[in-house]
Amino acid sequence: MSTTQERAAAQKRFALAKSGLDTVDERFASSKWLVSALDKIFPDHWSFMVGEIAMDSLIILIATGIYLALFYVPSSTDVVYAPTSGHVYLPLVGQHMSEAYQSVINLSFDVRFGLIMRQAHHWAALIFLAAVFFHMCRIFFTGAFRKPREINWIIGLALWQIVSLEGFTGYSLPDDLLSGTGIRVIYSIVQSIPLVGTWLAYALWGGRFPGSTFIPRLFVIHEFLFPLAIVGLLTAHLMILWHQKHTDFPGPGKTETNIRGSRVWPQYAMKAGGLMMLTASVTFLLAGFVQINPVWLYGPYTTYTVSAGSQPDWYLGWLDGSVRLWPHWEFRSFGHEIPNPFFPGLLIPSILFGIMFAWPWIDKWIYKDYGPHNLLDRPRDKPFRTGVGVAAGMFFTDLTLACATDLLANNLHVPFERLIEVLQYGVFVGPIAGFVVAYWTCLHLQRTDAHPIRRPVGGIIYRTASGGYHTVGDVHHDDHGHDDGHGDHGHGGPHSDTPGGQSPRHDAPTPEPVAGD
Amino acid sequence: MSNIDDELTHPGPAETTAGADGHVPASSVRLPFGRNPRHFGIDPSDPWPADVPMDQDDTHWRFENDPKGAKRAERRIAACWTVTLLASIAVCVVYVTGANNQLAGLCYGLAFGGLGVGMILWARDLLPGHEVTASRGHHEVSSEGYRVAVAESFSRGTDAIARRPFVFKILAPAAGLLGLGTLFGPVASLGPRPHTDLYKTKWGKGTRAVDQDGNPIKPTDLPVNGILTVFPEGYMDDALSPTLLINVGDSDFKVQPQRAGWNLQGPYGNIVAFSKICTHAACPASLYNVQRHQLICPCHQSTFDVLDDCRPVFGPAPRSLAQLQISTNSDGYIISVSDYTRAGGGPVGPGFWNRG
Amino acid sequence: MLRGPVLLLSLVVVVFSVLILTQAPARSASNTVSTNPSDIAAGAVLFEVHCQSCHGYQGKGGVVAGAPALVNVGAAAADFYLTTGRMPLNSPSNEALRHHPAFTDAQIQELDAYVNALPQITGQGTAGPTIPSPEPLCSVDQQKSPTSVDLATQDPGCVTLSEGQQLYAVNCAQCHQAAGSGGMLSGGNVIPTLHNSNLIQAYEAPLIGPKPMPIFSQLSHAQLSAIAQYVQYLKKPSNPGGFGISGFGPVAEGFFGILVGFVLLWFASRMIGNRG
């Protein structure tokens, strides 16, 4: 029970903390900022944590990556694997290989804890990209990219691209059979660029593939150039986020000018730290128990060998799938040609990225909504956007499946030719079907106001005289009716900055309230 | 709201609310939280916004009024962190005793996991924090005064340019060219110019074909339905040279126009030589389906009909694999008659701009 | 909700425990071909009943399109097709895939003996390759300090995994995958996994070239032995990193990373965060 002593102790702690913070303030005038920092509010909806998983994975990647760099030798110099002591991997003894590959083998077998660091690095990369992808989906489907957050959407997209390339360069560094095959495909794609492709490839690789300069250059790109870009862009991403504050889902009492959630200090910080530790835990459990990228089985890279089932890591699968599905077209005239891989390997991704970068402005144009938003859309309330997102998801899924055609064909016992043909149709059918289904589902969810997965709880359905249905007492209805609840039901939220700007012009007519039946 | 600053810096006894019996609830030792606008992103000089409730209090924690629950929570958290403690010691033991990867993963996983779960439980059960609503403050846009001010400041520069536009018209292209000029040399030095390099492989007149051990090949070495990767002698590392020798036996191999005698026929069968480098993305197209006489590339599933000029019959490859004219030398070893030629479908490998 | 994080951790442990599975050990095989007349006679009886309808009287072929003559194929071919259960086939148009063998080991030996004796019985040609006796693996010490031997021309009496790996990489990996997990050829022709093969079968397959696989009889005895030994190694390769996901490569790893790693963390964030 509280006593006067306790009160005194609390005041003493307070005085101590204050004198410490005063010391800082006298140097940096920091108190104003620190109040806002410690009191900063994070909406703690679970989906907001996924971006944190990405950041936590990045921290693991940087930590393990620095460790790996202490052992990796970025050199194509030909050596013979002949370790005289320590753990030896027998099936490679006496073989010619690059110094880079040898250093990875030694790191995996001879350096204690080298393997778990390597595996943690790789698993963290896969989880990282999954979190980035999910985070991006959340931003898209809830309209979090809208004004004033368009720039952060662009930074995020740039991060996604650089992070994917960073992953690919990491996959390529060990100089094993798989990574060498991947680099060779990339070389062919670079070479396919009209006009400058050949020169560019010769400049990047320092001559004809494979060349001896590429591995050291790749190392600089993977260890310095891309990480610098990632950390720089991420810093900008987070500073902008910090400055603009989070978006939030609409809900009772929430408006465009307020924000609801937990304060950073101490509870949220501790939760976020806990999530970081869990990310590390899952990463290291995977690293300990599930083997990833056994480069010793693939063997050293040579230009004349290849393994069946050569694929990139999952996050670039869509690019490889695109290259697989593109038909045997290329264009030749006037003594020049635009080679085949250019179209699926560069042109299509460029168009897609162009659309994605421009999406905040396309979205504005579609919805004639140019005002700022802090409250999120429910995906169902923007059926067109949701449909486009699902269509894009179907497109990416189709291409990602295409990168595994050989594996899938083998496991499903169908010829890969049929599978590729199906997926070629799927490029068109999948997105269209995805769009239609998503659009229809959104309208249905708008009408019923149900949770997309969970069954409505406790609702009583009445059939009205006119044959319509009317739900009463559904808990999900209880969120409704607040003035700021769902500002997009065709009548514009009270905080809409553009009068009538939210009229769902391109959406289906907004359904009448069910009670109207 | 005039004494806000005083309230913030002087949590004097006046603000605490002692009960009639002199007992002070632990939660009210500090200043009543909900009345300090700074904690809610509100400028003290501004009126309290309508959408931020007053008298919010997030100093409470879950088991505040449940000492038994708090005790249990404390034990749970302590147990989690004990796991971390033990696992951290164990991971050192694992290192010393052979560094088994699974044990290391388990220890690391438990150490991080215990710490993380403990932190989350601590946050949930013992740390203060309720959802609160705050103002977003003035971050949306600057006041009109500042907007005008910044435009004025900026105009100092643009007005100067407008007064003497000629210098700017020179400056812009000069700066651009400076950039290009600065980059040109360093970029050009990154690699050699390709010239005709991509048109050439290391095969030539009379080059012996050797296998991966460097041994030359006789036609009799390759059985019917056999396939062998060969290299121009001495150039195993050249990326465009690897070539497949295939003995198609008495299958109906279509000799292409102008390519009579490019293959080797005899009692041993019918040996043809095609580039191993896929015309799509340069992977070694080397899966040989003897039943259909097709070569398949494992990277993107381009399929080539060996009996018909290695014509692509499926997949993204746009062109046939190039054929190499082979013969035997006086010692009976297989040699190339020349490098890959246009007539044979060369240059080998994937396309490029000047290939035509 | 209350026990969430703890449950999560235990779930992780359970998932990983379940994943660590081992594979069944390989069958052993005999490698001598009997020339005993009674075995040959017994083989002839089996042949008449089970094989002759397609492969013809005394294996001379010409009965059913697609069923080859067997006079000169040798015991290795008979042994490979029978011990891997690829023969007998219901119809020659079916693809010969690995099944449980239709005959007992003794019956297979009798059929091997009969096929081996076919050149003598028919007076046509010469016998094809006999059932091989692969060279053993060198001792670990020998493998650690290898002597440079050209296996194509010399037979050192034992082979190393390193020699096997190099030959496997250039001759086999393009189809059977670097870890031997198999794949797919054109037209639906299957590339089987090598994890079910025994030492003899792994030697016989490249020796005889069971279509649609090409033939690799240009390789020497020592080279084929090295490949066969490496294929055996691939059944239980060194997986110091943990569960090997059957060597399926990046796609499988990706799905693992997403479906186990990311989904676990997703659940974690759902428990930590507000679900409203």
Side-chain angles (χ1 to χ4, degrees), chain A residues 2 7 10 35 39 41 112-113 115-116 181 184-185 188 191 194-195 197-198 202-203 206-210 245 253 255 257-263 266-267 270-271 273-274 277-278 280-281 284-285 287-289 303-304 306 308 310 323-324 326 328 330 335-337 339-341 405 416-417, chain B residues 23-26 29 38-39 51-52 58 95 99 101-102 104-106 108-109 112-113 115-116 119-120 122-123 127-129 131 133-136 139-140 187 190-192 194 197-198 229 239 242 276 280-284 286 298-301 312 314 316-318 350-356:
Chain A
S2 191
R7 224 184 93 201
V35 172
D39 283 356
I41 281 174
R112 284 190 178 193
F113 279 19
L115 182 60
I116 197 161
T181 305
R184 185 153 208 190
V185 173
S188 301
Q191 186 181 296
L195 204 63
T198 320
Y202 270 63
R208 190 170 183 159
F209 181 87
K245 297 196 168 73
T255 70
T257 49
N258 72 11
I259 181 165
R260 185 161 180 78
S262 306
R263 295 194 191 282
Q267 198 192 44
M270 199 51 64
K271 274 185 183 178
M277 290 302 128
L278 285 187
S281 174
F284 273 92
L285 282 173
F289 288 96
T303 56
Y304 53 92
V306 69
S310 289
V323 175
R324 287 184 191 209
W326 183 259
H328 58 276
E330 62 181 20
H336 293 291
E337 73 173 24
N340 180 295
T405 37
F416 66 75
E417 291 95 334
Chain B
H23 253 229
V24 181
V29 170
R38 285 196 169 144
H39 293 307
D51 57 1
V52 178
D58 67 347
Y95 180 88
N101 196 65
Q102 282 72 59
L106 185 70
Y108 274 132
F112 286 123
L115 189 61
M119 284 164 86
I120 290 162
W122 192 31
L127 293 182
E131 279 208 330
T133 303
S135 171
R136 284 185 182 269
H139 289 296
E140 300 285 296
V187 169
L190 283 176
D197 194 38
L198 283 174
T229 304
K276 195 176 184 177
H280 174 231
C283 291
S286 49
C299 288
H300 306 105
Q301 280 77 47
F314 184 83
F352 49 95
W353 175 249
N354 273 342
R355 195 184 175 282

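Chain letters run A, B, ... following the sequence lines, proteins first, then strands; residues in each count from 1.
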* Asked: Measuring heavy-atom distances to chain A, does P242(B) have an atom under 4.5 Å in its side chain, in its backbone, in both, or in neither?
  -> side chain

* Check each atom of F314(B) against the heavy atoms of chain A and say whether the ones under 4.5 Å are side chain, backbone, both or neither. => side chain

* Asked: Do the ring planes of H300(B) and H280(B) sit parallel (below 30°), tilted (30 to 60°) or perpendicular (above 60°)?
  -> perpendicular

* **Over all atoms of both residues, closest heavy-atom pair of V185(A) and C299(B)** => CG2-SG, 4.4 Å

* What part of A104(B) gets closer than 4.5 Å to chain A, counting heavy atoms only: side chain, backbone, both or neither? -> both

* Does the side chain of T257(A) come under 3.5 Å of the side chain of D51(B) through a donor N or O and an acceptor N or O? -> yes

* **Which of F112(B), W353(B), F352(B) touches chain A most, by non-hydrogen pairs under 4.5 Å** => W353(B)

* Asked: Does any heavy atom of chain A fall under 4.5 Å from the side chain of P312(B), the backbone, both, or neither of them?
  -> neither

* Asked: Is there side-chain contact between Q191(A) and L198(B), with at least one heavy-atom pair below 4.5 Å?
  -> yes

* Asked: What option among P284(B), P316(B), G351(B) has the most heavy-atom pairs under 4.5 Å with chain A?
  -> P316(B)

* Structure fact -> Given A282(B), P350(B), G129(B), the one with more heavy-atom pairs under 4.5 angstrom with chain A than any other is A282(B)

* Asked: Counting heavy-atom pairs under 4.5 Å to chain A, which of A281(B), G105(B), P194(B), P318(B) comes out on top?
  -> P194(B)

